[in-house]
Structures are given as C-alpha cells and as structure tokens.
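When reading the values below, keep in mind they use all heavy atoms of this one structure, side chains included, and skip hydrogens, waters and symmetry mates. Both ligands and their constituent atoms are indexed starting at 1 by order of listing.
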Amino acid sequence: MTRILDAYVTLFSRNYRFMSKTTDTMEKLVSLCKRRGFIFPSSEIYGGLKSCWDYGPLGVELKRNVKEAWWHAMVRRRRDVVGIDCSIFMHPKVWETSGHLAGFNDPMVDCKLCKARFRADTIENQVCPKKPSKRPGDCEGELTEPRQFNLMFKTNMGPVENDDSVVYLRPETAQGIFVNFKNVVDTSRMKPPFGIAQQGKSFRNEIVTENFIFRSREFEQMEMEFFVPPAEADEWYVFWRDARYKWFTDLGVKPEKLRLREHDSDELAHYSKCCADVEYEFPFGWKELEGIANRTDFDLQRHAEATGRDLRFFDDQSKERYFPHVIEPALGVDRATLTFLVDAYEEEELGEGDNRTVLHLHPALAPIKAGIFPLVKKDGLPEIAHQLEDDLREYFNVFYDQSGAIGRRYRRQDEIGTPFCITVDFDTKTDQAVTIRERDKMTQERVPLDQVKAYLDERLKF
Ligand code: ATP
C-alpha cells in the first residue's frame with residue numbers, strides 16, 4: 001500500500017520538478033487525501049488506473065457538500081432556475097450538431113524516440129518521461145507534427161458492434177439541457193430569463209491528465225444554461241460572471257488566490273460571444289477553475305435546424321417567437337473540490353515546538369461537522385456523549401471518538417477540517433453543558449446540551 005502511494009506521489013512530483021514549492025504542497029495534500037480517506041487512486045490494488053480517482057469516506061462527504069452548496073446557490077435559492085438530470089448517453093447526432101464530433105479536438109504530438117504523447121498546445125508545461133529534467137522536444141527525441149485528437153470516448157450500444165451502434169460518453173452536461181429546452185419550457189412554465197441546471201459525470205479522453213484531480217478523464221460537472229432575451233444577454237453575462245466569483249469567496253476561498261480573466265477574442269470558442277474564467281492560483285500556477293460564457297443562440301439554433309423542431313420561445317405577451325441567448329457558468333466538481341482543499345490546507349506553528357496541520361474548510365463543506373469526545377472512557381461520560389451523537393446525527397455528519405488524549409483528538413479532526421469539537425466532561429453531569437472548541441481560532445466555550453444543535457445550525461449556514 002505504502003509502496004503504491006510512494007510510487008504515485010513520485011509519479012506526481014516528477015511533473016513538477018520545475019516548481020519545488022508545488023511539489024511540496026501538492027505532495028503533502030495528495031498524501032493527506034490518501035492517508036485520511038479523502039481520495040484514492042482508482043483500482044489501486046491493481047496498480048491504479050491513470051487519471052481516475054475514487055473518493056473515500058471523507059472525500060465523498062466533501063464532494064457531496066460542494067455539489068449541495070452549488071445546487072443550493074444555483075437552483076434552490078432561485079425562483080428562476082430549475083434542475084434536470086439527463087442520461088450520459090445521448091443520440092449520436094447530438095454530438096454532430098453540437099460540433100463536438102468535428103471540433104472537440106486537442107492537438108497531439110508523439111515523441112519518435114520514447115513514443116510518449118503530449119498535448120501540443122501545452123507542451124511547455126510537460127516533461128520528457130525519459131529525461132524529466134527536460135521538456136519534450138528539448139531531449140534527444142524528435143516530435144511528430146501535431147495532429148488533431150478527438151476527446152470523446154466512443155463505445156457501442158447493444159450487442160452488435162458496428163457503425164450504427166456507436167454512441168459517445170458525454171463530454172459535457174450542457175447538451176442534455178439544450179435538447180430538453182422545449183420539454184422544460186412546456187412543463188414548468190418557465191420563461192426567459194430562466195435557467196436549467198445539471199450536475200453529473202462527463203468524460204474526456206484527455207491526451208494528458210495532470211495535477212491529481214485537476215484534470216482527469218472521468219469527472220463531474222455542474223453546469224447551468226441561463227436562457228435570456230437576446231437584448232439582455234450582456235447584462236446577464238456580467239451578473240453570472242460576478243455571482244460565480246462570489247460563490248467561491250462566500251465559501252471561504254481566499255480572494256487573493258482567485259481572479260476573473262476575460263478571454264481575448266482569439267481564445268473564444270466559435271459559438272461564444274464572450275467568456276471569462278474564474279481562475280485560482282494553485283501550487284502549480286494560475287489555472288481555470290470555472291468558465292462563464294455567452295453561448296449566444298448557437299446551440300438551440302443548431303438543434304432546431306438538425307431536428308426540424310421549433311425550439312424558439314414564444315412570448316405570449318409580446319407575441320414574439322425567438323431563440324433565447326444563453327449564459328453558461330460551467331464548473332468541474334472535482335476541480336472545485338481540489339480548490340477548496342488546496343485553499344484550506346495549512347501547516348500552523350503554534351509555538352513551543354507545537355505544530356498542527358489544519359484544513360480551514362468552510363463549515364458547510366467540512367465532511368464532519370463536529371467531533372464528539374467524552375473526556376474519559378468511564379463514569380457515564382461515554383453514555384452522555386453517545387446520546388448527543390445520536391441526537392446530532394439526525395441533522396449533521398458527526399464523529400464519536402474516545403481514544404487518546406483530548407489534544408490528539410483535536411489534531412486528528414483539525415487535519416480533516418472538522419470545524420467543531422465537543423467535549424463531554426465531569427461537569428456535564430451537573431451543569432448539563434459541554435465545551436465546544438472551534439477549529440480555526442481554537443477558542444472554547446461552554447454550551448448547554450440542549451442548545452448544541454442550534455449552535456451548530458447557526459455556524460454551518462452558507
Ligand atoms: P480546460 O481548458 O482546463 O481543459 P475547458 O475550458 O475545456 O477546461 P470546459 O469545457 O469549459 O473546460 O468545462 C467546464 C469546467 O469543467 C472546467 O472549467 C473545469 O472546471 C471542468 N473540467 C473540464 N475538463 C476537465 C477535466 N478533464 N477534468 C476535470 N475537470 C474538468
């Protein structure tokens with residue numbers, strides 16, 4: 001097990017030789033994720049499957065909380081957005097119409113010497129696998145001319161493998177929303193401006209995967225298509241761009257590590273009028289975290305042309321029929337999860353040689369909301385602590401721990417981002433109160449047992 005972990009940390013760090021601080025922080029985070037059960041390499045006992053990851057008991061809670069925070073902000077809290085959950089396989093013509101079959105490509109080059117493959121457009125960030133101190137092409141190997149590689153995964157539906165049974169694993173969730181536009185309008189009585197949101201798996205056969213869960217071949221996306229009257233598109237673009245930036249800072253991401261970057265016109269996709277990325281300064285540099293694009297009416301127009309269906313919206317007040325324009329915020333769940341982890345990670349020196357590793361996760365995202373500790377394993381304290389645990393479990397993910405000194409129990413929870421630790425002590429039997437210790441400031445306060453739920457409720461709000 002340790003050997004596999006070492007091997008994959010080594011593999012991971014090899015890509016970062018040019019940035020030693022990166023290696024340090026990312027290695028430590030990858031190791032913490034493995035050691036504490038956040039994220040494991042997929043099929044690890046078989047040596048792992050490159051670029052695929054499994055979320056462990058803490059990781060799955062964190063990821064669910066990230067998705068829940070997004071759904072809450074983007075759907076539940078808004079009367080102008082509804083949700084949808086579409087299938088991963090779609091009619092293959094969808095991808096012809098959307099342009100993915102012809103154009104969802106990255107340029108690829110091969111090394112004629114070691115046969116390794118690289119993405120031609122990001123080659124400056126890659127290293128030669130044989131001579132990791134050099135970049136591809138700077139070693140003895142000669143590179144082929146770039147050629148286009150389609151990123152969609154292809155398979156066959158049903159028992160017969162021929163051209164007619166070819167289907168694709170969706171490379172984005174957005175197309176499911178466009179092809180259901182009419183269904184949603186007809187059944188929900190939504191009218192522009194309104195949005196349809198979706199969370200779900202997407203698949204891209206990336207030429208190079210990198211940076212732990214930052215870029216993988218199977219990942220989850222959270223996308224929302226906001227349909228607006230064409231004249232309102234610019235205004236809504238600015239609204240969603242700024243709202244998406246704020247979502248991250250509301251969830252505690254440090255503003256100095258986050259920026260909005262408008263795309264230059266030569267960076268824009270053919271269907272997009274303008275686009276901004278929310279970028280985060282990862283240990284491996286500033287990278288796209290989320291994209292917000294004005295997709296105009298490109299997708300609805302194309303699907304209408306391809307199917308012969310009228311996908312225009314009919315405004316019964318103005319009696320106008322038109323294709324709404326679309327503002328799309330598109331975020332990767334795994335990339336967001338990595339951001340929250342990286343941003344929260346800190347090694348703190350507490351003085352007198354005392355250190356701790358702490359994840360300053362926003363309480364709404366923390367996998368465990370409270371640790372519950374009886375001071376000792378006897379004298380009726382475990383019974384009171386278990387009763388509190390049972391009461392709180394109805395509402396929050398909590399964790400009971402009675403082993404080791406209290407200080408060590410605190411440290412174990414700090415390292416996984418648990419915002420509160422509740423200690424049941426001898427006084428609890430008489431004053432019916434517990435001590436709640438807060439993770440970041442390490443302050444403690446006495447709270448009556450019957451007010452613990454309200455105390456947590458108040459602090460877990462987002
Ligand atoms: P990149 O330039 O990083 O490849 P992109 O511009 O192709 O990203 P979009 O198609 O806009 O990405 O997808 C929206 C979001 O989905 C991205 O901002 C990112 O958060 C996430 N995402 C895209 N590709 C991957 C991937 N291979 N692994 C993990 N997340 C991804």
Side-chain angles (χ1 to χ4, degrees), residues 39 42 49-53 55 59 63 66-67 70 74 95 98-100 103-108 118-126 148-153 169-178 197-225 237 240-241 244-245 247-248 253 258-264 266-272 274-282 284-295 298-299 326-342:
I39 299 163
S42 159
L49 178 64
K50 200 164 178 277
S51 93
C52 294
W53 304 95
Y55 286 78
K63 188 163 133 175
V66 170
K67 288 163 67 175
W70 187 91
M74 301 295 281
W95 307 113
S98 66
H100 282 85
F104 196 52
N105 302 322
D106 276 340
M108 173 174 76
F118 308 98
R119 240 178 92 168
D121 55 337
T122 58
I123 206 141
E124 69 281 3
N125 302 327
Q126 295 162 54
Q148 294 299 325
F149 173 75
N150 192 283
L151 300 186
M152 281 203 294
F153 278 98
L169 275 71
R170 67 178 177 200
E172 63 173 30
T173 59
Q175 294 306 321
I177 297 179
F178 293 123
Q198 169 158 230
Q199 300 182 330
K201 289 261 179 172
S202 290
F203 303 82
R204 294 183 187 180
N205 200 2
E206 300 276 2
I207 298 167
V208 178
T209 55
E210 55 187 350
N211 303 324
F212 194 29
I213 54 172
F214 178 83
R215 183 183 306 286
S216 44
R217 296 196 170 103
E218 173 181 342
F219 55 99
E220 272 188 90
Q221 286 186 309
M222 310 191 271
E223 298 191 292
M224 198 266 286
E225 309 305 317
Y237 167 73
W240 281 112
R241 188 196 61 191
R244 293 307 307 147
Y245 179 93
W247 183 78
F248 291 103
V253 175
L258 206 61
R259 71 183 182 198
L260 274 172
R261 189 182 68 80
E262 288 286 346
H263 282 208
D264 293 332
D266 59 350
E267 286 180 272
L268 292 175
H270 56 286
Y271 51 78
S272 154
C274 43
C275 181
D277 287 344
V278 180
E279 293 188 334
Y280 181 78
E281 190 180 17
F282 290 95
F284 42 88
W286 284 98
K287 298 276 176 189
E288 170 182 339
L289 172 53
E290 167 160 8
I292 300 97
N294 176 347
R295 289 180 81 128
F298 174 83
D299 302 87
V326 172
I327 310 302
E328 174 197 74
L331 170 64
V333 178
D334 313 81
R335 211 171 272 188
T337 303
L338 179 63
T339 305
F340 290 121
L341 281 168
V342 166

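- Protein heavy atom closest to atom 24 (N) of ligand 1, with residue, atom name and distance, is R204 NH1, 3.4 Å.
- In this structure, K287 is not positioned above the aromatic face of F282 in the sense of NZ or CZ being under 6.0 Å from the six-membered ring centre and within 45° of the axis.
- Close N/O approach between Q221 and ligand 1 is found [any backbone or side-chain N/O within under 3.5 Å].
- Nearest protein heavy-atom contact of atom 15 (C) of ligand 1 is A330 O, 3.6 Å.
- Under the 4.5 Å side-chain criterion, counting only non-hydrogen atoms from C-beta, E288 is not in contact with F214.
- The ligand atoms of ligand 1 that sit less than 4.0 angstrom from a heavy atom of E288 are 2 (O), 5 (P), 6 (O), 8 (O), 11 (O), 12 (O), 17 (C), 18 (O).
- A donor atom on one side chain and an acceptor atom on the other are not found under 3.5 Å apart for S98 and Q175.
- Considering both main-chain and side-chain atoms, G332 comes within under 3.5 Å of ligand 1 through a nitrogen or oxygen pair.
- One finds a salt bridge joining R295 and E172 here, because a Lys/Arg side-chain nitrogen approaches an Asp/Glu carboxylate oxygen to under 4.0 Å.
- Heavy-atom contacts of F214 reach the following atoms of ligand 1: 28 (N), 29 (C), 30 (N) (cutoff under 4.0 Å).
- If you run side chain to side chain contact (heavy atoms under 4.5 Å, CB included) between D277 and each of E262, E290, H263, only H263 comes through.
- Counting heavy atoms closer than 4.0 Å to ligand 1, residue L289 contributes backbone atoms (N, CA, C, O) but none from C-beta onward.
- Relative to atom 1 (P) of ligand 1, the option among H263, R215, E210 with the closest non-hydrogen atom is R215.
- Checking only distances, L331 never comes within under 3.5 Å of ligand 1, N or O to N or O.
- Of the inter-residue distances, the one linking R204 atom CZ with F104 atom CZ reads 3.5 Å to the nearest 0.5 angstrom.
- A cation-pi arrangement is absent between R241 and Y245, since the terminal nitrogen or guanidinium carbon is not both under 6.0 Å from the aromatic centre and inside a 45° cone about the axis.
- Here the CD1 atom belonging to I213 is positioned 11.0 Å from the CD atom belonging to E220, to the nearest 0.5 angstrom.
- Using a 4.0 Å cut-off between heavy atoms, E206 contacts ligand 1 through its side chain alone, with no backbone atom that close.
- Residue-to-ligand polar distances place S216 within reach of ligand 1: an N/O pair is separated by less than 3.5 Å.
- Atom 22 (N) of ligand 1 has its closest protein heavy atom at F219 CE1, 3.6 Å.
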